[in-house]
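Contents: one structure, followed by commentary.
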Amino acid sequence: MRPSCRRTFLKASAAVVTSAVACRSAMAAGPVGVRKDVTLLTAAELDKYRQAVKRMTELPETDPRTWTKQAQIHQNSCPHGNWFFLPWHRAYLMHFENICRKLLSDDTFMLPYWNWTTTPRIPSSFWEEGSPLNHARDITSTGEVPAEYVGRSVIDAIMAIPDFVTFGSGPAPGLRMGPRRSGQLESVPHNNVHMELGGDMASFMSPLDPIFWLHHANCDRIWAEWAQTHSNPADEQWLKLPMKFVDGTGAAVESKPEDVLDVRELGYRYDTQPEMPLFLSARPFSVRVEIPAGLTAAASFQDAPPVVEPKMMMAAAPMDLRKLLSNLPSNPETPRPATFRLVLGGVEPPEGGAPVSIRVFINCDYLTPQTPISDPHYVSSFTFFGEDHEHDEHAGADSVRYLDATAVFRRLYGGREYPREDIEVALVTVDLRTQKPKEQHLTARRVKIEAVTKDDEMM
Ligand code: C2O
């Protein structure tokens, strides 16, 4: 452990204590409704959502709140692959929930969420003939979102990511500006659920499928829970960006990320969150972390034709990084000396054909396309969503993806010397429908391991 670590941790927990007080006074503001797991709704509660959807589809075309116009807001401005992804979708859901309330004349309506971790099938109420909740999809009523993307251990690992960038995507100057920098919550469960479901869910018109709103409520829940013990960005560029929506009455409305940071202040919490906030991590940090010189292993590659064997990419690991990788605490409860963030740059989805996802392995000398994800060298899988140029001109060659590789390094080298001079990253392409490896493996234009230390993170 680096000598400064302990001090930093103490500093952080002191900040936690002060904020508990500030938080309770915010609580007094108004009643806090509960967004529930959709499988726990009463028939009457579920019917409210059904009715709200129906009424939105029946509004006259001139009304800015119609079902189709709601989806168009998404198609025209949803940010993906950057740090506005989470706050934009939170605000979008909140205004949508208000529209539902208005149309139902019922202020107690709460949007439910679909917890794909505990219920990997779409709830049966979203398949009923003639129901407003039914929608054309590629997945079947008995199809499940694979645990590889949404399983308990995948979500637990995401919840344990210390920094916002690796968790919830990286900086950009505007909603759809700059290359994609997708964090793990977005590119693993979020993207995968969109693509597994297929139909409209596989496109930026995805809010046409009534399950979309429950899918995003679950992503929002994960963010809300993560933020109970972690810090959101403090950068003005993030906090102050105006985002435009339509409110309950159909009037134009603006929200900024700084307005949506505390769900209780917005009038809701999730049923998995405690009634009173235990504490809120108050010390914000800047996400423009400088990666300390010498702690980054990087390599770049020329465009290579797709290969049949898993694509292996090698980066030299400088001495300092190897030192940091040596003698990692083998107990997951022990604070990390650093987060080892794997950065994959310029991995582009194959053109045409069936949707794929990618399995990522580190330092696996015996890797074949069939190596299972239970292998200790496995880092994570991720899925592409809207990353063709039709959807997003910023997708593609310059895009990057952040994955937390700390657990893998700990598993492989915990309590031991890091045995290699290099770091080898390999990608295996999987057919999304069959979950079988494909012959065609994709390549990354750049790979990098960054050691993000606690000090950078709390800067
Ligand atoms: Cu903006 Cu999950 O879509």
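For the pair Asp259 (side chain) and Ser255 (backbone), a donor-acceptor distance under 3.5 Å is absent. The closest donor-acceptor contact from the side chain of Ser169 to the backbone of Gly183 lies under 3.5 Å. With Trp213 contributing its side chain and Pro207 its backbone, the two residues share a donor-acceptor pair below 3.5 Å.
A donor atom on one side chain and an acceptor atom on the other are found under 3.5 Å apart for Tyr413 and Asn363. Defined by atom type and a distance below 3.5 Å, a donor-acceptor pair is present between the side-chain atoms of Tyr270 and Asp220. Tyr113 and Arg35 share no side-chain donor-acceptor pair at under 3.5 Å. No hydrogens or angles considered: nothing links the side chains of Glu225 and Gln273 as a donor-acceptor pair under 3.5 Å. Of the N and O atoms on the side chains of Arg341 and Thr166, at least one donor lies less than 3.5 Å from an acceptor on the other residue. No hydrogens or angles considered: nothing links the side chains of Asn191 and Thr383 as a donor-acceptor pair under 3.5 Å.
Shown here are the ring pair (Phe, Tyr, Trp, His ring centres under 6.0 Å) partners of Tyr49, two or more places apart in sequence or in another chain: there are none.
Note: Tyr92 and His89 have perpendicular aromatic rings, judged against thresholds of 30 and 60 degrees for the angle between ring planes. Ring planes of Phe385 and His190: perpendicular class, angle over 60° (limits at 30 and 60°).
Remark: Arg181 is not positioned above the aromatic ring of Trp83, lacking an NZ or CZ atom under 6.0 angstrom from the ring centre and at most 45 degrees off the axis. With Trp127 as the aromatic partner, Arg137 meets the cation-pi criteria of under 6.0 angstrom to the ring centre and within 45 degrees of the ring axis.
A salt bridge links Arg420 with Asp422: the closest approach of a Lys/Arg side-chain nitrogen to an acidic carboxylate oxygen falls below 4.0 angstrom. In this structure, Arg322 does not pair ionically with Glu417, as no charged nitrogen and carboxylate oxygen lie closer than 4.0 Å. Ion pair Lys436/Asp431 not flagged as a salt bridge, since none of the NZ, NE, NH1 or NH2 atoms sits closer than 4.0 Å to an Asp/Glu carboxylate oxygen. Ion pairing between a basic and an acidic side chain is recognised when a charged N comes within 4.0 Å of a carboxylate O; Arg401 and Glu387 show such pairing.
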